[in-house]
There are 2 protein chains.
Amino acid sequence: MTVVIRSNEVRRGNRGLVLSAVRMGGLVSRTDIGRKTGLSAATVSAITSDLIADGFLIQPADANQVPASSGRGRPKVALSVNPMAALIGVVIFQLNRVSAAVVDYSGATISESAHELSSADLSRESIRDALVGCLREALNSSGQNERLLMRIAVSIQGVTDVSGKYLLWSPITDHRDLPLAGWMRQAFSVPASVSNDCDLMARALNRREPELYGTSFASIMLSYGVGMGLFLRGNIINGLNTSGTEFGHMVFQPGGALCRCGRRGCIEAYAGDYAIQRAALGRSEDAPPPAPSAHIDFKQIADLAHAGDPQAIHAIEEAGRAIGTGLVSLFALVDAFPIALIGQGTIVFDYMEPSIRKALQGAVAGEGTNIDIHCFVDEKPLVAEGCALTALVVLDEEIADAAVI
Amino acid sequence: MTVVIRSNEVRRGNRGLVLSAVRMGGLVSRTDIGRKTGLSAATVSAITSDLIADGFLIQPADANQVPASSGRGRPKVALSVNPMAALIGVVIFQLNRVSAAVVDYSGATISESAHELSSADLSRESIRDALVGCLREALNSSGQNERLLMRIAVSIQGVTDVSGKYLLWSPITDHRDLPLAGWMRQAFSVPASVSNDCDLMARALNRREPELYGTSFASIMLSYGVGMGLFLRGNIINGLNTSGTEFGHMVFQPGGALCRCGRRGCIEAYAGDYAIQRAALGRSEDAPPPAPSAHIDFKQIADLAHAGDPQAIHAIEEAGRAIGTGLVSLFALVDAFPIALIGQGTIVFDYMEPSIRKALQGAVAGEGTNIDIHCFVDEKPLVAEGCALTALVVLDEEIADAAVI
DNA sequence: CTATTTAATTCGAGGGTCGAAAAAAATAGT
DNA sequence: ACTATTTTTTTCGACCCTCGAATTAAATAG
């Protein structure tokens, strides 16, 4: 809106449109692309023949899986993304775990690698070596030419800078300002970016279930800490300087329970794993949160609740109240939207849901009780999918940009 | 990004660019426009000659107030927006007051009109008649041809739908879902839109002080209730269905003081005028907020505080704590940004600031204490300016759209 | 084997922006 | 007074892009 448009940038934009239509559609004909994008058949023809010439699209021989509109007429020719056009590297750094994958340009995973380690005890260099080494392994076992690697996306539990170069802060390590993107770029000589894992989960859901999560929703991660990925009107929301949307550090009880961040009363200080455990075991709200290395098992808490332990049940309900109250504040800002709850914490959702909905009751829109809330216990596939997706989207943009020679 | 671009839409976008460059610049030459927008001299020449032919730009005879780069060379020809190209109507509906103005296409106010009335006692029809009548008066006294009126912008204290057609809810009247835009359109046969006053103040500040408020900031209105206008990365933030950003109804104390909205613990229930008064006079937090018609004078509260009344001072400090805590939550979502406090409530800012800053202390970014906070006591000029601005921006877009015949 | 139907490509027409050259309008210098 | 210089603005042709219409391609129905 605020920048000049030149003729060649028109083609640039429309190339991107075609590329993403094919990526979404899987196997689509040129006519389908025209219908989806609104471009004329002539233009689609011109753009696709460019993209095929450049090797980004192919006409797979295994043919017309595209159903014809009717039996008659010239059959549609299916186009698809060329899996061999590029490789991307995906690296996921979680509490006590590093994993990596090599994904082809169609989004299919070619090879994987993973290691358990004690993330809190690693030096800066060890972190670098662990991430680089894990991707190197995946790359070696992929059987692909390493020169096809075009881009690397890194997922971390923690706060990144908004440009995706640094890990600024993380619960899984005491180090700060780690230049993860720079490390990966140096090691593999391709561009790299770092993203917050909650953002990536949200991206994955946004792609996976567009009817429910296509425009506006939040994914809230309940595990070590409370994170959020927020989509509004189809765009992911980030902070002005950081990855932002730290739902867990909105204030629930001013001056209340001690949070891992050092402040008091954060949502996380009631709904984070350590907070629920602290309350379930009857410890003081002032009890300092455990060290990052201490993995807390939600099953233990779930077992207590199932056994009818009132303190555990109350702890979980308070977590729900914190989350629900946070949502009320969020909804006051931008109105209500569906929620995806993700992670181990969702195994106690049954005890949590009533207090979430009670907090939402009578919220601004007047319809707090029928907010869509769905649970996803295992976050790993979502993170991996979102991570690959992010790199592919950026790659598509670069390809759309590529000047025709 | 997600929609086809055609050649004629390129011109459309660049026409808009030129138009807004001239609107911003006041008196600018074609070369200046080229420099500002990035368009080539050839294109600027083509577009400006179109816009001059269509009557939207003029070359004022009162000449070269544009300073030449050096003495030598062909002098710059100043261009400016043609004030006579259009008129817009501005209508402002506040507690017990309706005002209207006629503004020309350059943004200069031509005539005004205002009436005191008891907004809470008006029927739906009386509201319509008051708004229509007030603008009609301004229009009559403008001495301009009414047919030049192109668009009407209405400002209201309250919540609108996101498309700007309805007043959904307001503290100043018990009526709901008032089709204000429709009423104005019917009465004057031109398009109309309704906006939340806090959004308009934010727009005015955004234009008026771009160095501080050009990209990201919030304007918080402290008067009857607590409203907010929020800019992030240069865009105003609204709700998904409503005008949104109801800062005053984020939760400060779950289950706490009774708010006018019927819920408990909202920021407004501590920082709204009625809430500060309630606390200053030692009334219960459960005391129902007064009726909309009851205008509460902040001077009374300020006087008490100046006289050293501890209850009043504490009430104001609590208001500051509520605002500061709300900002912490907001900053957790999108990082910190400057704040403009607007309205009568700012006359007690001195008592409020320490508790705001204390709440911000140690907030996510780690630098809560050096947040820019500035006060603007009188909101009226900001609302009027923002209201006119909004209509002019939309008008500019329509003009940019206008197909060349 | 022909008519019909649908898909994809080709070919101007039309609209845009841009760079280079030309024209316009002033000052500086002799 | 006249010419050279400088800066702004317009004009002109080259090039890019999308689109509609016509054409070509490739199948089925009868």
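Here is how names work: the chains are called A, B, and so on, in the same order as the sequence lines, proteins then strands, and each is numbered from 1. These values consider heavy atoms only, across backbone and side chains, with no hydrogens, waters or symmetry-generated copies.
Separating the CZ atom of B:R30 from the C1' atom of D:dT11 is a distance of 14 Å, rounded to the nearest angstrom. Between B:R11 atom CZ and C:dG14 atom P the separation is 17 Å, expressed in whole Å. C:dG15 atom P lies 18 Å from atom CD1 of A:I5, rounded to whole Å. Per the geometry, CD1 belonging to A:I33 stands 17 Å off C1' belonging to D:dC19, to the nearest Å. Going from atom CG of B:D32 over to atom C1' of D:dT8 covers 10 Å, rounded to whole Å. Put simply, CG on A:D50 is 12 Å from P on C:dT9, counting in whole angstrom units. One can place CZ of A:R35 at 12 Å from P of C:dT6, the figure rounded to the nearest angstrom. With rounding to whole Å, B:R15 atom CZ is found 14 Å from C:dG15 atom C1'.
If you check C:dA23, C:dT17, D:dC12 against the side chain of B:A42, the one that comes closest is D:dC12. In this structure, the nucleotide among D:dT10, C:dG19, D:dT18 sitting nearest to the side chain of B:S7 is D:dT18. Distance from the side chain of A:P75 is smallest for D:dA26 among the nucleotides C:dG16, D:dT9, D:dA26. Each of D:dC17, C:dA7, D:dC19 was ranked by its minimum atom distance to the side chain of A:K76; first place goes to C:dA7. Set against D:dT9, D:dG20, C:dG16, the side chain of A:S40 has D:dG20 as its closest nucleotide. Looking at the side chain of B:N14, the nearest of the listed nucleotides D:dT9, C:dT17, D:dT24 is C:dT17. For A:R72, counting side-chain heavy atoms from C-beta on, the closest listed nucleotide (D:dT28, D:dT18, C:dA8) is D:dT28. Here the nucleotide nearest the side chain of A:N8, chosen from D:dC17, C:dA7, D:dT10, is D:dC17. Of the candidate nucleotides C:dG16, D:dT11, C:dC18, C:dC18 has the atom nearest to the side chain of A:R6.
At a threshold of 4.0 Å, the pair A:D396-A:R15 does not count as salt-bridged, since none of the basic side-chain nitrogens sits closer than that to a carboxylate oxygen.
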message: What verdict does the side-chain hydrogen bond (donor to acceptor under 3.5 Å, both in side chains) test give for A:D335 and B:T242, after you've listed the backbone C-alpha separation in whole Å, the side-chain angles of each residue and the deciding distance to 0.1 Å?
response: CA-CA 7 Å; A:D335 300 330; B:T242 73; 3.0 Å; yes
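The cationic atom of B:R23 (NZ for Lys, CZ for Arg) lies less than 6.0 Å from the six-membered ring centre of B:Y105 and within 45° of the ring axis.
If A:V4 and A:T48 are placed on DNA chain C by their nearest nucleotide, the residue sitting closer to the 5' end is A:T48. Comparing B:V44 and A:I47, the nucleotide of DNA chain D nearest to each residue sits closer to the 5' end for B:V44.
Heavy-atom contacts from other residues, nucleotides or ligands closer than 6.0 Å to CZ of B:R147 number 12 or fewer.
Between B:F217 and B:F337, a ring centre-to-centre spacing not shorter than 6.0 Å is recorded.
A sub-4.0 Å separation between OP1 or OP2 of C:dC18 and a side-chain N or O of B:T43 is present.
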